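Owing to the predicted nature of the structure, the values given are computational and were not obtained by experimental measurement. In the text below, chain A, chain B and the rest are named by the order of the sequence lines, each starting its count at 1.
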Amino acid sequence: MSHWLMKSEPGTFSIDTLAALPKQTTAWDGVRNYQARNMLRDSMKIGDTAFFYYSGCEVPGIAGIVRVVKEGYADKTAFDPKHHHFDAASNPRDPRWFVVDVKLVRKFKRLIALEELRKHAGDALADLAVLRRGNRLSVTPVSEAEWEFVLTLE
DNA sequence: GCCAACGTTGGC
DNA sequence: GCCAACGTTGGC
């Protein structure tokens with residue numbers, strides 16, 4: 001089983017938004033980057049867990065945990081001309097963009113801020129993608145050791 | 001295939 | 001709002 005980190009802007013979709021949904025499950029749509037797409041399509045498996053990360057907000061950081069409940073399939077928002085994430089180059093016969101379904105596992109009692117993760121950039125989290133300068137990937141892998149370490153920070 | 005221009009991301 | 005980093009586009 002693998003671990004991941006998935007970014008979302010809480011102003012658009014927060015962990016509380018997810019918690020309020022029926023079955024607390026959503027398609028993780030809108031990813032328009034090939035590297036991230038490949039992970040959604042090929043690498044993320046049912047049972048994998050991911051950190052729900054807040055970006056583009058006042059206090060970026062990890063808000064909780066979600067679990068993959070459905071593996072990669074076409075991102076339908078790419079087919080809808082009225083949708084913000086529409087992409088004319090993607091169509092149902094040959095989809096360019098993919099989603100996985102994730103379900104809420106739990107919201108952390110408190111946000112583990114990026115600032116706090118950074119304190120361990122020299123040791124336990126030295127290779128954590130989200131700490132690297134200029135990192136913009138919205139889906140990144142997290143190692144087992146990194147996963148366990150972050151959980152001790154909660 | 002190169003690379004400049006441009007758009008987006010995301011922390012600060 | 002600023003700016004660094006990076007991906008994509010398009011002219012050549």
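Using a 4.0 Å heavy-atom criterion, one finds that A:Arg118 contacts the sugar-phosphate atoms exclusively. In this structure, A:Tyr54 reaches neither bases nor backbone, as no heavy-atom distance under 4.0 Å exists between it and the strands shown.
Nearest to the side chain of A:Ser55, among C:dC6, B:dC12, B:dG10, sits B:dG10. Among the nucleotides B:dG11, C:dT8, B:dG7, the one closest to the side chain of A:Tyr34 is C:dT8. In the set C:dT8, C:dC6, B:dG11, the nucleotide with an atom closest to the side chain of A:Leu114 is B:dG11. Across B:dG10, B:dT8, B:dG11, the shortest atom-to-atom separation from the side chain of A:Lys7 is found for B:dG10.
A:Ser90 and A:Arg32 share no donor-acceptor pair across their side chains, judged by distance under 3.5 Å alone.
What separates CD1 of A:Ile62 from C1' of B:dG11 is a distance of 16 Å, to the nearest Å. Taking atom CG of residue A:Leu131 and atom P of nucleotide B:dG10, one finds them 14 Å apart after rounding to whole Å. Going from atom CD of A:Gln35 over to atom P of B:dT9 covers 15 Å, rounded to whole Å. Atom-to-atom, CG of A:Asn135 to P of C:dG7 comes out at 10 Å; the value is rounded to the nearest Å. Note: CZ (A:Arg132) to P (B:dG10) measures 14 Å, nearest angstrom. Following rounding to the nearest Å, A:Leu128 (CG) and B:dG11 (P) show an atom-to-atom distance of 12 Å. Spacing between atom CZ of A:Arg136 and atom C1' of B:dC12 amounts to 17 Å, rounded to whole angstrom units. Put simply, CG on A:Leu5 is 11 Å from P on B:dG10, counting in whole angstrom units.
Using bins of under 30°, 30° to 60° and over 60° for the plane-to-plane angle, the ring pair A:Trp28/A:Phe13 lands in the perpendicular bin. Note on ring orientation: taking the six-membered ring where Trp is involved, the planes of A:His3 and A:Trp147 are parallel (angle under 30°, cut-offs 30° and 60°).
A:Tyr54 contributes a side-chain N or O that, together with a main-chain N or O of A:Ile15, makes up a donor-acceptor pair within less than 3.5 Å.
In this structure, OG1 in A:Thr26 is found 11.5 Å from CG in A:Leu104, a value given to the nearest 0.5 Å.
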